[in-house]
Amino acid sequence: NAIGDVLDPDGSVLVGTRAPNPKMILPGPTDTPAPTNTVLAVVTLAANVDKRDVRFIAERGSDGVTSTIRPAHTRYDGDVTFAIAAPASEGDANVDLLGLLATARLAEAIRAAVR
């Protein structure tokens with residue numbers, strides 16, 4: 001991420017500042033290039049959902065970014081989460097459960113990526 005720290009579930013810094021009293025230091029004036037790192041994620045699932053549900057699941061995946069990276073979604077990065085779904089062979093999906101899983105799995109994926 002451009003300026004954020006990656007946190008473990010207990011709130012400790014996994015990757016980022018280890019300063020005892022950390023302060024967020026934003027990039028300088030607009031003529032100074034800002035950091036350009038970002039988080040791009042895709043949540044994929046096989047579930048019988050509609051377009052609105054897929055958007056909801058993408059938003060919940062984005063919650064995984066927010067819960068893992070502090071700060072996330074600043075003006076200095078382009079954090080974005082997409083979701084795509086293929087039809088399941090049977091049954092209706094529990095969209096709320098899928099949303100919770102998207103949040104948890106995306107948070108786990110971010111932590112795994114920096115370890």
Side-chain angles (χ1 to χ4, degrees):
N1 202 43
I3 59 174
D5 299 330
V6 178
L7 306 179
D8 258 337
D10 66 3
S12 63
V13 175
L14 180 62
V15 175
T17 185
R18 303 269 186 205
N21 296 308
K23 296 179 184 174
M24 187 169 84
I25 300 171
L26 298 175
T30 56
D31 60 337
T32 303
T36 57
N37 295 332
T38 194
V39 176
L40 304 174
V42 178
V43 176
T44 62
L45 59 143
N48 297 322
V49 292
D50 63 22
K51 185 176 179 178
R52 185 179 64 194
D53 295 337
V54 173
R55 179 178 175 184
F56 174 82
I57 293 164
E59 291 168 348
R60 298 300 62 81
S62 188
D63 290 345
V65 174
T66 305
S67 68
T68 308
I69 299 174
R70 301 278 170 73
H73 307 297
T74 69
R75 295 180 304 139
Y76 307 102
D77 57 44
D79 299 341
V80 64
T81 303
F82 299 96
I84 56 174
S89 58
E90 50 183 74
D92 290 332
N94 181 330
V95 177
D96 292 311
L97 177 59
L98 291 173
L100 291 171
L101 292 172
T103 300
R105 294 297 183 209
L106 191 47
E108 289 175 14
I110 291 167
R111 291 182 185 110
V114 299
R115 283 197 167 104

Ignoring hydrogens and geometry, is there a side-chain-to-backbone donor-acceptor pair from D10 to S12 under 3.5 Å? yes
Taking every heavy atom of V43 against every heavy atom of A102, the minimum-distance pair comes out as CG1-CB, 4.0 Å
If you take all heavy atoms of T81 and S62, which pair is closest and at what distance? OG1-CA, 3.6 Å
Assess whether a salt bridge exists between E108 and R111, defined as any Lys/Arg side-chain N lying under 4.0 Å from an Asp/Glu carboxylate O. no
Does V39 offer a backbone N or O that forms a donor-acceptor pair with the side chain of D79 under 3.5 Å? yes
If I compare all heavy atoms of T103 with all of R60, which pair ends up nearest, and what's the gap? OG1-O, 2.6 Å
What distance separates I84 CD1 from I57 CD1, expressed to the nearest 0.5 Å? 11.5 Å
Spatial distance of atom CG (L7) from atom CD1 (I110) [nearest 0.5 Å]: 10.5 Å
If hydrophobic clusters are built from ILVMFWY residues whose side chains come within less than 4.5 Å, do F82 and V54 share one? no
Minimum-distance pair of heavy atoms, taken over all atoms of L106 and G61: CD2-O, 2.8 Å
Nearest heavy atoms of A93 and V49, plus distance in Å: CB-CG1, 3.8 Å
Rounded to the nearest 0.5 Å, how far does OG1 of T68 lie from CG of D5? 12.0 Å
Can you name the closest pair of heavy atoms from G99 and F56 and give their distance? CA-CE2, 4.3 Å
Shared hydrophobic cluster for V65 and L14 (ILVMFWY, side-chain gaps under 4.5 Å): yes
